[in-house]
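Below: one structure, written as structure tokens.
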Amino acid sequence: MLVLTPTRKRSRDEDSEESECYRNRHRRMSCGSVQDFCCEAYVPNAGFSEIRLSSVFTSVWACVALFVYSYDFTPQAIEDLSSIQKHSRQLKEKQILPMAMSTDTALVHQAFVRRIEGTMMDFPILSDTTRLVSSHLGLVDPTKGCSRRAMLLIRNDRTLLFSRLLDESAPYPIGDLFARI
């Protein structure tokens, strides 16, 4: 026998699991430290590699600029990667390693980069196929199942210096990164 009991509508202000999860996701994006992670990556002109955040920080790199985008083979992804490449030299001169990340596989990244005409990428493109990194950072889009577009600046002690969620077509505000250094 099925018994139905009346329920009341919960407000977002109540201390429910849903609102707590929302607050935690916002907190992760706004401050604190980023957990160490390891992702398979495609590094143009070098091939496939596993990249661990903690191993990236050497005497050369003071920060990582992580540019998160949704999918490869979209006009927005072409714009995003081209924009990163356009500013790559400036970022590297300031000891900031640019890295891109989406939920596609490293093989898909390789095929995608090869299809972008006239652009030579010189930064790694990470694969967050399990969405663990995106989940930790609160970037998973629950309606699409992929990462939302974002830009993060992570210092070598894994402190999150800057983060910004972006609309689907907004350009990466790379100038804001330079203002944070």
Heavy atoms, side chains only, cut-off 4.5 Å: are [X] and [Y] in contact?
X: H87; Y: L177; result: no
X: R149; Y: Y172; result: yes
X: I51; Y: F37; result: no
X: L126; Y: V133; result: no
X: F123; Y: I84; result: yes
X: F73; Y: V108; result: yes
X: S163; Y: L152; result: yes
X: P44; Y: M120; result: no

How long is the span from the [atom1] atom in [X] to the [atom2] atom in [Y], to the nearest 0.5 Å?
X: I174; Y: M151; atom1: CD1; atom2: CE; answer: 7.0 Å
X: F162; Y: C63; atom1: CZ; atom2: SG; answer: 12.5 Å
X: M99; Y: F67; atom1: CE; atom2: CZ; answer: 10.5 Å
X: L160; Y: L153; atom1: CG; atom2: CG; answer: 8.0 Å
X: Q35; Y: L137; atom1: CD; atom2: CG; answer: 9.0 Å
X: E79; Y: S169; atom1: CD; atom2: OG; answer: 8.0 Å

Heavy-atom donor-acceptor pair, [X] side chain to [Y] backbone, under 3.5 Å:
X: D104; Y: D72; answer: yes
X: S70; Y: S147; answer: yes
X: R148; Y: L165; answer: no
X: D128; Y: L132; answer: yes

Which heavy atom of [X] sits nearest a heavy atom of [Y], and at what distance?
X: P173; Y: R164; result: CG-NH1, 3.5 Å
X: V56; Y: W61; result: O-CD1, 3.4 Å
X: H136; Y: S33; result: NE2-O, 4.1 Å
X: P98; Y: P124; result: O-CD, 3.6 Å

Spell out, yes or no, whether V140 and Y71 are grouped together once hydrophobic residues are joined by side-chain heavy atoms under 4.5 Å, including indirect joins. no
Would you kindly confirm whether I78 and L81 end up in one hydrophobic cluster when ILVMFWY residues are joined by side chain heavy atoms under 4.5 Å apart? yes
Residues that R158 engages under salt bridge (Lys or Arg N to Asp or Glu O under 4.0 Å), provided they are two or more places apart: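 For R158, no residue satisfies salt bridge (Lys or Arg N to Asp or Glu O under 4.0 Å) once neighbours in sequence are set aside.
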Just to verify, what does D167 make a salt bridge (Lys or Arg N to Asp or Glu O under 4.0 Å) with, not counting sequence neighbours? none
Pi-cation contact, F57 with R155 (under 6.0 Å, within 45°):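 Because its charged atom misses either the 6.0 Å distance or the 45° angle limit, R155 does not stack over F57.
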Should D122 and N45 be marked as a side-chain contact (heavy atoms from CB on, under 4.5 Å) after you check the CA-CA gap, both sets of side-chain angles, and the distance that decides it? CA-CA 8 Å; D122 66 351; N45 301 319; over 6 Å; no
Taking the inter-plane angle between the rings of F48 and Y42 on a 0 to 90° scale, is it parallel (under 30°), tilted (30 to 60°) or perpendicular (over 60°)?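 F48 vs Y42 ring planes: tilted.
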Taking side chain to side chain contact (heavy atoms under 4.5 Å, CB included) as the test, write out the residues that go with S127, two or more places apart. A106, H109, T129
For R89 and E93, run side-chain contact (heavy atoms from CB on, under 4.5 Å): C-alpha distance rounded to whole Å, both residues' side-chain angles, the deciding distance at 0.1 Å, then the answer. CA-CA 6 Å; R89 194 179 104 245; E93 286 172 356; 3.2 Å; yes
